[in-house]
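Presented below is the structure to which this report refers.
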Amino acid sequence: MTALSIRTYGDPVLRKRAKEITKVDEKIRNLASKMLRTLKDAGGIGLAATQVGEELRIFVVDRSQFQLEDSPLIVINPVVVNSRGEQTEEEGCLSLPGTYADVTRPLELTVRGMDLDEKEMVIEAKGVLSRVLAHEIDHLDGVLFVDHLGSLKRRLLSKKLKQLSAGKQ
Ligand code: NI
């Protein structure tokens with residue numbers, strides 16, 4: 001199965017608000033498995049559909065990267081229903097290669113969504129998973145991790161961001 005190409009900073013699709021998925025059909029199942037393949041090939045932790053140019057509310061997470069959990073997490077139409085606390089850790093993104101910065105995220109997050117069988121799921125996330133879910137849900141709203149940085153930190157990254165926009169990584 002061929003992997004999808006990951007869109008990088010400066011690509012307008014990364015700024016789009018993805019649309020709700022109304023039916024999980026073959027197209028969505030196919031997209032999910034291609035996204036997982038792409039995520040594995042890229043060695044990332046999470047991947048949202050907008051990052052592969054699909055304006056649909058779905059993301060995938062490779063939990064084996066940080067939990068004793070082998071099965072990948074696939075979430076459709078995620079909604080944050082609760083968040084508690086704060087954590088600040090360094091973050092990166094497959095759409096911003098070579099770019100890292102400390103980002104403050106909720107310490108705990110409750111997310112409601114749907115799986116590939118259209119069954120409702122509720123995820124009680126803590127720590128790294130909470131951070132990853134917040135990051136991926138942001139993607140579906142056209143938000144990138146660098147948007148959370150203050151002006152000083154952003155200025156430090158401005159050269160890197162300009163290079164990414166220009167396609168020179
Ligand atoms: Ni990302």
Side-chain angles (χ1 to χ4, degrees), residues 4 6-9 11-25 28-29 31-36 38-39 42 44-96 99-151 153-154 157:
L4 303 160
I6 297 174
R7 308 300 181 89
T8 50
Y9 188 81
D11 189 318
V13 77
L14 293 173
R15 295 308 193 175
K16 294 279 172 64
R17 189 181 185 279
K19 294 170 201 74
E20 299 275 317
I21 292 170
T22 49
K23 188 172 170 34
V24 180
D25 53 16
I28 299 296
R29 272 189 285 273
L31 174 64
S33 59
K34 280 189 175 173
M35 283 171 66
L36 281 171
T38 307
L39 178 63
I45 295 176
L47 185 70
T50 44
Q51 292 182 272
V52 292
E54 292 288 343
E55 294 169 40
L56 293 165
R57 300 190 83 77
I58 178 171
F59 66 79
V60 297
V61 175
D62 180 4
R63 286 182 285 193
S64 69
Q65 297 261 1
F66 56 90
Q67 282 184 333
L68 290 172
E69 175 83 60
D70 272 349
S71 65
L73 186 62
I74 300 166
V75 189
I76 295 165
N77 299 339
V79 178
V80 173
V81 288
N82 204 356
S83 72
R84 293 159 297 273
E86 251 184 37
Q87 58 172 326
T88 303
E89 296 289 340
E90 189 176 73
E91 225 166 278
C93 178
L94 291 173
S95 294
L96 289 108
T99 311
Y100 303 92
D102 283 353
V103 181
T104 301
R105 299 277 190 190
L107 185 61
E108 296 178 27
L109 208 61
T110 307
V111 173
R112 194 184 300 145
M114 185 165 83
D115 67 13
L116 284 179
D117 297 318
E118 295 189 355
K119 248 179 39 200
E120 194 198 56
M121 59 160 89
V122 177
I123 308 159
E124 298 284 353
K126 282 183 188 159
V128 188
L129 184 58
S130 172
R131 158 175 305 283
V132 174
L133 295 184
H135 179 117
E136 299 312 324
I137 292 169
D138 265 1
H139 270 305
L140 301 180
D141 292 326
V143 175
L144 301 171
F145 82 87
V146 287
D147 300 338
H148 291 284
L149 306 178
S151 57
K153 279 203 223 165
R154 238 186 124 93
L157 286 177

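Count residues from 1 along the sequence.
Residues Ala134 and Leu109 come closest through the heavy atom pair N-CD2, 3.8 Å. Leu116 approaches Ala32 most closely through the heavy-atom pair CD2-CB, 4.1 Å. Asp115 and Asp117 make their closest contact through OD1-N, 2.8 Å (heavy atoms, listed as atom of the first residue, atom of the second, distance). Of all non-hydrogen atoms in Leu94 and Gly46, the two that sit nearest each other are CD1-O, 4.1 Å. Nearest heavy-atom pair, Val111 versus Leu133, reported as atom, atom and distance to 0.1 Å: CG2-CD1, 3.9 Å. When all heavy atoms are compared, the tightest approach of Met35 to Ala48 is CE-C, 3.6 Å.
Partners of Glu108 according to the salt bridge (Lys or Arg N to Asp or Glu O under 4.0 Å) rule, which considers only residues two or more places apart in sequence or in another chain, are Arg84. Here Asp102 pairs with nothing under the salt bridge (Lys or Arg N to Asp or Glu O under 4.0 Å) rule; sequence neighbours left out.
Judged by distance alone, with hydrogens and angles left aside, the side-chain atoms of Thr8 form no donor-acceptor pair with the main-chain N or O of Leu96 at under 3.5 Å. Between the side chain of Gln87 and the main chain of Pro106, a donor-acceptor pair closer than 3.5 Å is present. Counting only distance, with no hydrogens or angles, the side chain of Arg57 and the backbone of Pro78 share no donor-acceptor pair below 3.5 Å. Asp11 places a side-chain N or O within donor-acceptor distance of the main-chain N or O of Val13, the cut-off being under 3.5 Å. Judged purely by atom type and a 3.5 angstrom limit, Arg131 has no side-chain atom pairing as donor or acceptor with the backbone of Leu107. Between the side chain of Asn82 and the backbone N or O of Thr110, no donor-acceptor pair lies under 3.5 Å.
No more than 12 heavy-atom neighbours from other residues, nucleotides or ligands sit within 6.0 angstrom of NZ on Lys126. The neighbour count for Arg112 CZ, taken as heavy atoms of other residues, nucleotides or ligands under 6.0 Å away, does not exceed 12.
Residues Val24 and Met114 meet the side-chain proximity criterion, which asks for heavy atoms closer than 4.5 Å. The closest side-chain heavy-atom distance from Phe59 to Thr50 is not below 4.5 Å. Side-chain contact between Thr99 and Phe145 is present, with heavy atoms from C-beta onward closer than 4.5 Å. Taking 4.5 Å as the limit, some side-chain heavy atom of Leu36 sits within range of a side-chain heavy atom of Ile74. Proximity of Val60 to Leu73: side-chain heavy atoms (C-beta onward) are nowhere separated by under 4.5 Å. The closest side-chain heavy-atom distance from Ile21 to Lys23 is not below 4.5 Å. Counting heavy atoms from C-beta on, the side chains of Gln51 and His139 come closer than 4.5 Å. For the pair Leu129/Ile123, a side-chain contact is recorded, criterion being any heavy-atom separation below 4.5 Å from C-beta on.
Of the candidates Arg17, Lys16, Arg15, Lys19, Asp141 forms a salt bridge (charged side-chain N to carboxylate O under 4.0 Å, His left out) with just one, namely Arg17. When each of Glu90, Glu86, Glu91, Glu89 is tested with Arg105 by the rule salt bridge (charged side-chain N to carboxylate O under 4.0 Å, His left out), just one qualifies, namely Glu91.
The CG atom of Leu47 lies 7.0 Å from the CD atom of Glu136; values are rounded to the nearest 0.5 Å. A distance of 12.0 Å separates CD of Glu54 from CG of Leu140, quoted to the nearest 0.5 Å. Separating the CG atom in Leu39 from the CD atom in Gln65 is a distance of 7.0 Å, to the nearest 0.5 Å.
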Please test Val75 against Met121 for side-chain contact (heavy atoms from CB on, under 4.5 Å), starting from the C-alpha separation and ending with a verdict.
CA-CA 8 Å; Val75 189; Met121 59 160 89; 4.1 Å; yes
Run the side-chain contact (heavy atoms from CB on, under 4.5 Å) check on Ile28 and Leu56 step by step: do they pass?
CA-CA 9 Å; Ile28 299 296; Leu56 293 165; 3.9 Å; yes
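In this model, no donor atom of one side chain and acceptor atom of the other lie less than 3.5 Å apart for Arg7 and Ser95.
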